[in-house]
Colleague: 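Quick one: the structure is below, questions incoming.
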Amino acid sequence: TADLADAVAIEQSIMRSCTPKDIAIRDSKAAGVEVPTLDTMWATAVAIAFLRSRCSNAEDEWKLLVAKALRALQAALTQYKCPATASTAADWCSLAASRLFSS
């Protein structure tokens, strides 16, 4: 996450402080499948929000990557059985955008 914070020009402490706190993270291995950590999931949402808000002019270059990242994030959220308030990858990306890139 330090490299991501540098890449999007946000202090790592600020990026971490905006992580959703109401997410009840269950076991890190659900059904024998390794599930990403909350930090990894949040970093994915931040990266997607950054690309959408600051690199929209190059969307053709990253849209397939974002689609794959959204699927992976959604799969992780499903494994964690996140509460309805933050249950979709789109919710997390919107939250990241509003907390970190709305200016």
Side-chain angles (χ1 to χ4, degrees):
T1 54
D3 290 339
L4 175 63
D6 288 343
V8 300
I10 295 175
E11 288 183 39
Q12 187 174 2
S13 61
I14 293 171
M15 191 171 84
R16 277 211 167 125
S17 71
C18 292
T19 303
K21 302 287 188 262
D22 60 341
I23 303 303
I25 297 301
R26 294 177 56 232
D27 185 33
S28 66
K29 290 187 179 183
V33 176
E34 190 68 37
V35 179
T37 64
L38 179 60
D39 280 349
T40 301
M41 293 162 56
W42 183 239
T44 301
V46 168
I48 292 168
F50 173 79
L51 289 171
R52 287 178 170 169
S53 66
R54 304 287 165 89
C55 303
S56 60
N57 59 331
E59 183 177 0
D60 287 343
E61 297 174 28
W62 52 256
K63 68 181 173 184
L64 294 176
L65 176 70
V66 165
K68 183 176 181 180
L70 284 168
R71 286 191 305 273
L73 180 56
Q74 186 61 55
L77 290 168
T78 301
Q79 288 287 341
Y80 280 126
K81 298 186 179 178
C82 290
T85 56
S87 61
T88 70
D91 293 338
W92 276 51
C93 294
S94 294
L95 190 61
S98 67
R99 290 183 179 180
L100 298 169
F101 302 111
S102 62
S103 52

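Side-chain atoms are counted along with the backbone in the values below, which use heavy atoms only and exclude waters and symmetry mates. On a predicted model such as this, the values are computed, not experimentally measured, just so you know.
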Colleague: Considering only heavy atoms from C-beta outward, does the side chain of W42 approach that of L4 to under 4.5 Å?
Modeller: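 Side-chain contact under 4.5 Å: no.
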Colleague: Hey, what do you get for CG (L51) to CD (E59), rounding to the nearest 0.5 Å?
Modeller: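 Output value for this atom pair is 10.0 Å.
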Colleague: Sort and list the pairs that fulfil ring-ring contact (aromatic ring centres under 6.0 Å, His included) and have at least one residue in residues 54-76, not counting sequence neighbours.
Modeller: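 Counting only pairs at least two positions apart or across chains, no ring-ring contact (aromatic ring centres under 6.0 Å, His included) contact touches residues 54-76.
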Colleague: Would you check if there is a donor-acceptor pair between the side chains of T88 and D91 at a distance under 3.5 Å?
Modeller: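 T88 and D91 do have a side-chain donor-acceptor pair below 3.5 Å.
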Colleague: Would L70 and C93 count as a side chain to side chain contact (heavy atoms under 4.5 Å, CB included) if you check the C-alpha gap in whole Å, the side-chain angles of each, and the deciding distance to 0.1 Å?
Modeller: CA-CA 9 Å; L70 284 168; C93 294; 3.7 Å; yes
Colleague: Taking atom CE of M41 and atom CG of L73, what is their separation to the nearest 0.5 Å?
Modeller: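 The distance works out to 6.0 Å.
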Colleague: Is the backbone N or O of S53 less than 3.5 Å from a side-chain atom of S56, with the two atoms forming a donor-acceptor pair by type?
Modeller: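 It does not hold such a pair.
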Colleague: Could you pull out all residues at least two apart from A69 that satisfy side chain to side chain contact (heavy atoms under 4.5 Å, CB included)?
Modeller: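 By the side chain to side chain contact (heavy atoms under 4.5 Å, CB included) rule, A69 matches T44, I48.
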Colleague: Could you list the residues that satisfy side chain to side chain contact (heavy atoms under 4.5 Å, CB included) with A49, not counting sequence neighbours?
Modeller: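 Once residues adjacent in sequence are excluded, the partners of A49 under the side chain to side chain contact (heavy atoms under 4.5 Å, CB included) criterion are A96, A97, F101.
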